[in-house]
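Some notes on the structure that comes next.
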Amino acid sequence: MQLLINIDVPDLDAALAFYTRAFGLHVGRRIGDAVELLGAPSPLYLLHKPEGSLGAGQQARGYARHWTPLHLDIVVDDLDAALASALAAGARQEGEARKASWGRIVQLSDPFGHGWCLLQFLGRGYDEIAQ
């Protein structure tokens, strides 16, 4: 199995600038109205989908901050440095960084309303709490 990550965005150039600057990804290919970004374990595809166009079912796409039960975490070696990079690229921090027995986490959103978490594992990471 291969995991592909697709992210709808209203402005492909702005999204390309954000994701390359915030997370250090780089362009693999341009595919029609999409751009493949590489540099993570799975390729990330930015898909140009205009605001108001038909999304899932009969729901129109909107790019205000939104919540979904599916989200992505980015594991980093240095949470503070990764957060600073994401913020400089245009991300919005949502709350303070929190510490847990497995590491640190901070929530943020990209300029297109999608939520992300940055994680820094400490010690044995999730093995600290695995049963």
Side-chain angles (χ1 to χ4, degrees):
M1 178 188 323
Q2 182 182 7
L3 179 66
L4 303 178
I5 301 166
N6 296 294
I7 301 176
D8 294 356
V9 296
D11 182 329
L12 199 54
D13 291 333
L16 182 58
F18 173 77
Y19 281 98
T20 55
R21 186 172 174 206
F23 303 129
L25 301 173
H26 61 276
V27 174
R29 301 177 286 180
R30 291 184 180 267
I31 308 164
D33 251 3
V35 175
E36 174 186 62
L37 295 177
L38 304 174
S42 294
L44 190 147
Y45 293 87
L46 301 175
L47 310 177
H48 177 249
K49 303 289 183 176
E51 175 104 25
S53 63
L54 192 59
Q58 296 300 311
Q59 188 173 3
R61 282 183 179 81
Y63 292 102
R65 179 64 175 110
H66 53 276
W67 181 86
T68 175
L70 175 67
H71 73 275
L72 298 174
D73 295 337
I74 299 175
V75 178
V76 298
D77 292 328
D78 182 336
L79 186 83
D80 297 318
L83 177 59
S85 180
L87 294 174
R92 289 178 219 91
Q93 185 173 344
E94 299 179 339
E96 296 299 316
R98 300 181 313 273
K99 188 170 183 179
S101 57
W102 51 265
R104 297 175 63 212
I105 183 171
V106 66
Q107 294 172 267
L108 53 91
S109 62
D110 71 11
F112 317 101
H114 305 302
W116 292 82
C117 292
L118 298 176
L119 303 180
Q120 178 184 355
F121 289 127
L122 300 173
R124 297 180 303 133
Y126 284 151
D127 283 342
E128 296 286 351
I129 58 173
Q131 298 179 7

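Computation of the quantities below employed the complete heavy-atom set of this structure, encompassing side-chain atoms and omitting hydrogens, waters and symmetry-equivalent molecules.
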Q: Please lay out, stage by stage, how I74 and L119 fare under the test side-chain contact (heavy atoms from CB on, under 4.5 Å).
A: CA-CA 6 Å; I74 299 175; L119 303 180; over 6 Å; no
Side chain of [X], backbone of [Y]: donor and acceptor closer than 3.5 Å?
| X | Y | value |
| --- | --- | --- |
| S42 | L3 | yes |
| Q120 | L79 | yes |
| H114 | D8 | yes |
| R92 | D110 | yes |
| E128 | R124 | yes |

Q: Begin from the C-alpha positions of L118 and I105 and carry the test side-chain contact (heavy atoms from CB on, under 4.5 Å) through to its verdict.
A: CA-CA 6 Å; L118 298 176; I105 183 171; over 6 Å; no
**Q.** Greater than 12 external heavy atoms within 6.0 Å of D127's CG
**A.** yes
Q | Sequence neighbours excluded - ring-ring contact (aromatic ring centres under 6.0 Å, His included) pairs with any residue from residues 11-52 | A | F18-F23, Y19-F23, Y19-W116, F23-W116
Q. Looking at E36 and R30, does any basic side-chain N land under 4.0 Å from a carboxylate oxygen?
A. no
(Q) Salt bridge check, D80 against R104: does any charged N sit closer than 4.0 Å to a carboxylate O? (A) yes
Can you find a heavy atom in the side chain of [X] that is under 4.5 Å from one in the side chain of [Y]?
| X | Y | value |
| --- | --- | --- |
| Q107 | R98 | yes |
| R65 | F112 | no |
| L47 | D33 | no |
| C117 | H71 | yes |
| L25 | L38 | no |
| L83 | L87 | yes |

Q. Of the non-hydrogen atoms in A22 and S85, which two are nearest, and what is the gap between them?
A. O-OG, 3.4 Å
Q | Contact summary for G90 and P111, nearest pair of heavy atoms | A | O-CG, 3.7 Å
